Every structure is written in structure tokens, then in C-alpha cells.
Amino acid sequence: MNLNQLLKSKIEEAISSLFNTSAGNSQLQPTNPEFEGSHTLVCFPLTKVSKKKPEETAALIGQWLVDNTDLVDRYNVVKGFLNLVLDDKVWVKVFQDILNEEDYGVVPATGEEIMVEYSSPNTNKPLHLGHLRNNFLGWSVASIYEANGYKVHRVQIINDRGIHICKSMAAWKLFGNGETPESSGLKGDKLVGKYYVEFDKACKKEVADLIAQGMDKEQAEKNAPIMKQAVDMLQKWEQKDADTISLWKTMNGWVYDGFDVTYKQMGVHFDKLYFESETYLLGKEEVLKGVEEGVFYKKADGSVWVDLTEDGLDEKVLLRSDGTSVYMTQDIGTAMLRFRDFPNISRQVYTVGNEQEYHFKVLFLILAKLGYAWAKECYHLSYGMVDLPSGKMKSREGTVVDADDLMAEMIGEAEKQTRELGKIDEMDQDEASALFEMIGIGALKFYLLKVDPKKRMMFNPNESIQLQGHTGPFIQYTHARIRSIVRKAATMDIGSGLANIDSLLPNEQKLISFLSIYPDRLQDAARDYSPSIIANYAYDLAKEYNQFYQAIPIFSESDKQKLSLRVALSEKVGEVLRKAMGLLGVVVPERM
RNA sequence: GGUCCGGUAGCUCAACUGGAUAGAGCAUCAGCCUUCUAAGCUGAGGGUUCGGGGUUCGAGUCCCUGCCGGAUCACCA
């Protein structure tokens, strides 16, 4: 039983013994720093059963706890708030329990199994800042679930087919002169992206020409020769034309090679990849089955629809009148395939931007209508857009922040600042460059993950590159400091017994208190699908540790037991920081 | 227009799901390196939590209403 539960049950005892009733669940909260104590009982709701003023009620309970338990050393009452000061021995015991735990904060396997999808890019252009938030989020949520005892499958669906890739193919055929990543030295995804832009430019020009010749805009967009070529390629692709398929494979291959490099730098991976080209037909089958079963209906022109008006939504098309699939059709197929591949998963988590909230609402409803029980367990991990100081990122306006460029820039800045501080004087080349990367990528991940995922966020390049304050490097630095302490302690003869310690300094008590709530934060983060809870916890813990570090010169302590406690406390804080940051995908250094 | 998000210090974000005098970082100002790493610590200034009602012992948080910003409502993905 943890400390909070123990306290609560004692409080229940106090209430039933004092007032002859049970009060249900009592409200226990952390004590405001300006008052003495660690736990505070809010007594206003108890006046109903106590029939006394809040202050009196609080005092009675406080006194009862002092008299009848060995948890509470003393108390004070401010208005209706009962502030409890626990016996220091209780805190020492709490710490001892934490030390005794095999893998603190990690829940043993529960047997539950889920799937987390993230990234899921189109294959016609490189990854950008938005993908970074997506990948870091999905990766982190997956890790958080693992730490909560779940078995997690990390997957993505790759949008490898469709008009977008055909556009790049068409432009490459027209203007490419056989250019390859090898011949040009360009990263594969960048090369294919370049031709996507080329397509857009050429198409716009042709449309303008047609309009100048008197054609209306809509017609012109359809009849631009390059657009016709792209559409033609899409049709040929669906008919499995050998040349088209071959080019498609080649260009997608370039993109995957490029993505691999980016994912590696991001530090994410996937257990299994799904490709739209392999799932869209399954979705189509399922939709046709649904028509037979009367779940969906066919209109006169042959298009297939689902009626969601009873659920407060609209009618939604599932197959075009020409029989081809839409986005929704594919997602139905993908979802089914995944549950077929992994029959034990109880839930799928989709990490996709909030502009697709409606889409997922509809998807889950449809899956439920098709009779799949797991549909209601599916969750759209919806996150807000990343804005730039100049406004929204727009690929057409060239304001997109490229993922590779940004990561390289962060690492470069980390190197610059680290050198300026003279931190690498005693490091060899390998350690130094590993450190630059750790700091640069760590700063970026922390910056993107510290914000509540649901919220839209601002990405200010100057600020994100900053390495002091509420940042990843601040926490990395704290970890490095701790490791330095631990290394020094290892060369000394320090015992490990805490048994006889019966008093703590406030800084020590607060640190133990912080450590003790880590498992709660871990649960909260999973419940809310929110790495920001972990990020902010790690920051608070590091902040608290630095205060302790500054206030108490550890090695000037002559009492062996106290010295031992402080070293053990430091080491444990370091370990929790490392694990918490690990859940964000951030690696922490031994020195920096 | 319908639906769904959001609006907190100059800026970027918190606030343990209804609790105490709303907290951090950045920026500004003033201190702290002979002691375990100053990427740190201490202190100061900075707020009508968008406006207006309501619910109750108590509201940034819940309800109603107005204003502002965004997303979405395709035989696009």
C-alpha cells in the first residue's frame, strides 16, 4: 500500500471514529509550499458529517491522527485545510521501499496488448516539423504504455499509392533525365519531393496557359497535360502496368531509404509497417460485404454510402461511383488487417493531427456498425498543429520546416554552445559528438513533448534551440551532475544503511516525496495519452534536485548514514530522471 | 451556418480534473563559482485567467451567453 492510500485509510478511520459515519472518499492534496506539511486534507466537505465548523473538524482529525497513528508528527490548520506533517521516519521508510523495488516505476506485464500508430507519411515528400511532433508523441505514448505493463506494437500506415506519388513520377519522367539519389547525391525523399514541387510548378503554368486561351479554371486544371499524365499513371498503376509499377517501386524505394535516415536520427522505429497499396482492397471487400448485410447502401450511380445521421453526423461516401476506394475505405481495411495480424490487441491508438477528428469519429462508428467489438476501444490521439512565428506551415509557400534540417541545426547549436562552455576539453571525439547529438535531439524532443498534445503549439526556432531553463538539456545536465556525485562516492567508503535515520532536511523530504509520486504520474500519462505529464514531472524533479544540490554540500557531511542517504537519494533521482526522459525518447549523458 | 477545439504574466507553457495569496521558463533588474559540473542557485518586478451572468462553503477549471482565433463539415488524403 502506498503512502497516500495508507493516509487516506487512516483518515477514514478518524472520521468514522470521531463522527460515527464514513465520509466516502476524502480529498487529500499536496500542501501548498507556503505552509508547513506535505499532505493536506480539505475539510469543507466534511462539515456535513462532523456538524462542526471546518476549522474544528480539521483540528479534531489532525489530533486523532497524531494520537492514534505513527504517521503524523504534527499538524496545522489554516481555514478549512488540515496540513499534515509526517514523521520523518515515514519518509525514510518510503525511500527505503523505493530503493528495494526492482525496477522502480515500471509496472510488471499485465497481459494487455495494444497497438500504437504514428508517423504515417505520404511518400511524395520529406518529413517535416509536424511529423516530428507526431513521431515523438506516438513513440513516447507507446513507451509510456510499455512502462505501464502493456505489450505495445508500434506501427505506421504508409500512404504509398495515389495521385500524390504519381505526380512526382510524372514530373520525374518529364524533367528528371534519369536522375537518382546516387547521381545527384540527394537524399531519396528529398529527390522525390523535388519532383513533386516541379510537378506543381509545371502544372500551374500549364493551367495558366489554358486559362489564357479561354478555358475556365476547373476545366484547365483537369486538362493540363502534365495532370493528365499523372492521372493516366494512376490508372495504369491500378491496372498493374509493368513499367508504371516498376517506376513506382523505384521512387518509393528512394523515399524509404531517405525516411530510414530520418527515423534513425529521430530515434524511432516500427515493429511493423502497413502499406496502403496492400490494405485498400481489403477495405473495399469489407464495404461490399456491409452492403449485402444492409449496413451500407448503394445509390443509383453505384456509389456506396453509410448513413450516420442517427449519430448526429452526415452521410459519408465509402466507394466512388466508379468503384474505387476513398481514404475511409482504406482505413477500414487497415484496421481489420491489424486486428487479424494481432488478435490479442484490445485497442488501437492512432496518432494523427486534430484536423482529422471527424474522420476518426466516423471510422470508429463504421467499425462498430460492422459489428467489431474493439471499435469502441480505439482511440484517436489527436494533437494540435505546430505553428511558426510567421503563422501556419504551408508547403506551397515554402514555409515548411524540414525535419532533417531542423535536427541538424539543433545538433549544430548544441555543439556550438557546448564548445563555448568549454565542456568537452576532457572528452574524446566520439564522446563529444555523441553528446552534441544527445543534447540537440533531446532539446528538440523535450520542446515538442512538454506541451499538452491536444493543444496547438508555437514553434519558435530561437527559443527551441535554447538549452537553459525549462528544457531537455537542463534535465540532462542535472543527470550528469548526479552521475558525477555517484562516481565520486564510488571511490569512497560509504555505507548503505539508512535504518537509523530519524530526521530529514526539508530538501531531502521533498525529494523523497517527488520520487514517490513517479508511479502516479506514469499512470496519469497513460490515462491521458500525454507525454507532457512525464516531461513536466522530470523537469520538476530536476529543479527540486538542483535546489537540494545547491543547499546541501553532500560530501562535507561527516555523519556516514546521512552521507549515505544523500548519495542514495541522488542516485535514485538520477535513475528516475533517466527513465522518465527515456519515455520521451531522450537519452541522458554521464557528463556534460 | 452546424459541430469540435482553444483564449492564463511582454513571449512560450503549467496548474494533480472544483480547493488556500494562479505557478515555471524566456526576457528585464539585483546577488552567488577556493567546496560535489554556474547548461546551476537565490531574490525583485510583472495577472480583471477574453467580457458578462449563473451554480456553491469555494470557479482558471462546471453551466448559460457574447467576443476573438483555429479545425472540420468533399465521389481529397
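Values reported hereafter were calculated over all heavy atoms of this structure, with side chains retained and with hydrogens, waters and symmetry mates removed. For clarity, every value in this text was computed on a predicted model and none was experimentally measured. Reminder, nothing fancy here: chain letters follow the sequence lines and each chain counts from 1.
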Does a side chain donor of either A/Arg481 or A/Asn546 reach within less than 3.5 Å of an acceptor in the other side chain?
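The answer is yes; a qualifying pair exists.
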
Contact class for [X] vs. all strands (heavy atom < 4.0 Å): base, sugar-phosphate, or nothing?
| X | result |
| --- | --- |
| A/Tyr327 | base |
| A/Ser570 | nothing |
| A/Ile552 | base |
| A/Asn122 | sugar-phosphate |
| A/Asn83 | base |
| A/Val326 | sugar-phosphate |
| A/Ser556 | nothing |

Does [X] make a side-chain N or O approach to OP1 or OP2 of [N] shorter than 4.0 Å?
| X | N | answer |
| --- | --- | --- |
| A/Tyr477 | B/A39 | yes |
| A/Arg320 | B/A77 | yes |
| A/Arg487 | B/U37 | no |
| A/Lys543 | B/G25 | yes |
| A/Gln330 | B/A77 | no |
| A/Ser484 | B/C36 | no |
| A/Arg161 | B/A77 | no |

Test the A/Lys488-A/Phe555 pair against the cation-pi criterion, namely NZ or CZ under 6.0 angstrom from the six-membered ring centroid and within 45° of the ring axis.
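Here A/Lys488 passes the 6.0 Å and 45° test against A/Phe555.
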
Position toward the 5' end of RNA chain B (nearest nucleotide), A/Ile439 or A/Lys316:
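So the residue in question is A/Ile439.
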
So which one's nearest nucleotide on RNA chain B is more toward 5', A/Glu34 or A/Ser325?
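The residue whose closest nucleotide sits nearer the 5' end is A/Glu34.
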
Between [X] and [Y], is the ring centre distance below 6.0 Å?
| X | Y | value |
| --- | --- | --- |
| A/His470 | A/Tyr539 | yes |
| A/Phe136 | A/Tyr118 | no |
| A/Phe548 | A/Tyr545 | yes |

Nearest-Å distance for atom pair [atom1]/[atom2], residues [X] and [N]:
| X | N | atom1 | atom2 | answer |
| --- | --- | --- | --- | --- |
| A/Gln468 | B/C41 | CD | P | 11 Å |
| A/Phe548 | B/C36 | CZ | P | 16 Å |
| A/Ile163 | B/C76 | CD1 | C1' | 11 Å |
| A/Glu557 | B/C36 | CD | C1' | 14 Å |
| A/Arg419 | B/A39 | CZ | C1' | 16 Å |
| A/Asp540 | B/A24 | CG | C1' | 8 Å |
| A/Met492 | B/C36 | CE | C1' | 10 Å |
| A/Leu541 | B/A24 | CG | P | 16 Å |

Polar pair under 3.5 Å, donor/acceptor by atom type, side chain A/Thr40, base B/A20:
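Pair found.
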
State whether the distance check finds a donor on one side and an acceptor on the other, under 3.5 Å, for side chain A/Thr418 versus base B/A39.
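In this structure, the two groups form a donor-acceptor pair.
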
[X] versus [Y], closest heavy-atom pair with distance:
| X | Y | result |
| --- | --- | --- |
| A/His131 | A/Pro121 | NE2-CB, 4.0 Å |
| A/Arg133 | A/Asp452 | NH2-O, 3.3 Å |
| A/Ser532 | A/Lys450 | CB-O, 3.3 Å |
| A/Leu515 | A/Tyr537 | CA-OH, 3.7 Å |

Between [M] and [N] - [atom1] atom distance, rounded Å:
| N | M | atom1 | value |
| --- | --- | --- | --- |
| B/A20 | B/C64 | C1' | 28 Å |
| B/C41 | B/U3 | P | 48 Å |
| B/C67 | B/C50 | C1' | 7 Å |
| B/C5 | B/U65 | P | 14 Å |
| B/G58 | B/C11 | P | 33 Å |
| B/C26 | B/C63 | P | 36 Å |
| B/U35 | B/C16 | C1' | 38 Å |
| B/G25 | B/U61 | C1' | 23 Å |

Could you check if the base of B/U17 is syn or anti? Syn means the glycosidic torsion is within 90 degrees of 0.
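That one's syn.
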
So, is B/C41 syn or anti if syn means the angle is within 90° of 0?
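Base orientation relative to the sugar is anti.
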
Of all of residues 357-365 of chain A, which get a heavy atom below 4.0 angstrom from RNA chain B, listed by number?
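A/Glu357, A/Tyr358 - these, ordered by number, are the residues of the stretch whose heavy atoms sit under 4.0 Å from the strand.
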
Pairing check on B/G6: which nucleotide meets the Watson-Crick or G-U wobble criteria with it, both distances under 3.5 Å?
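Check on B/G6: paired to B/C68, both distances under 3.5 Å.
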
Using purine N1 to pyrimidine N3 plus N6-O4 or O6-N4 for Watson-Crick, or N1-O2 and O6-N3 for G-U wobble, each under 3.5 Å, what pairs with B/U42?
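Because both required distances fall under 3.5 Å, B/U42 counts as paired with B/A30.
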
B/A20 pyrimidine/purine six-ring stacking with A/Phe35, under 5.5 Å and 30°
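Stack criterion met.
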
Before you tell me yes or no, could you show the steps for A/Phe44 and A/Phe81 under ring-ring contact (aromatic ring centres under 6.0 Å, His included), namely the whole-Å CA-CA distance, both residues' side-chain angles and the distance that decides it to 0.1 Å?
CA-CA 8 Å; A/Phe44 299 100; A/Phe81 297 91; 5.4 Å; yes

Does the side chain of A/Leu132 come within less than 4.5 Å of A/Val401's, by heavy atoms?
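Sidechains of A/Leu132 and A/Val401: no contact.
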
Test item: A/Tyr350 and A/Phe364 side chains (from C-beta on) under 4.5 Å apart, heavy atoms
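They are in side-chain contact.
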
Let's see if you can work this out: which of B/A39, B/C26, B/A20 has an atom nearest to the side-chain heavy atoms of A/Gln466?
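Closest nucleotide among those given: B/C26.
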
Nearest to the side chain of A/Asn159 - B/G40, B/U42, B/A77?
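Nearest nucleotide to the side chain: B/A77.
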
List the protein contact pattern of nucleotides 13-19 of chain B with one symbol per nucleotide (5' to 3'): B for base contact, S for sugar-phosphate-only contact, - for none; contact means a heavy-atom distance under 4.0 Å.
SS-BB-B

Evaluate the ring planes of A/Trp248 and A/Trp237, with Trp represented by its six-membered ring, and classify them as parallel (under 30°), tilted (30 to 60°) or perpendicular (over 60°).
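The arrangement is perpendicular - the two ring planes meet at more than 60°.
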
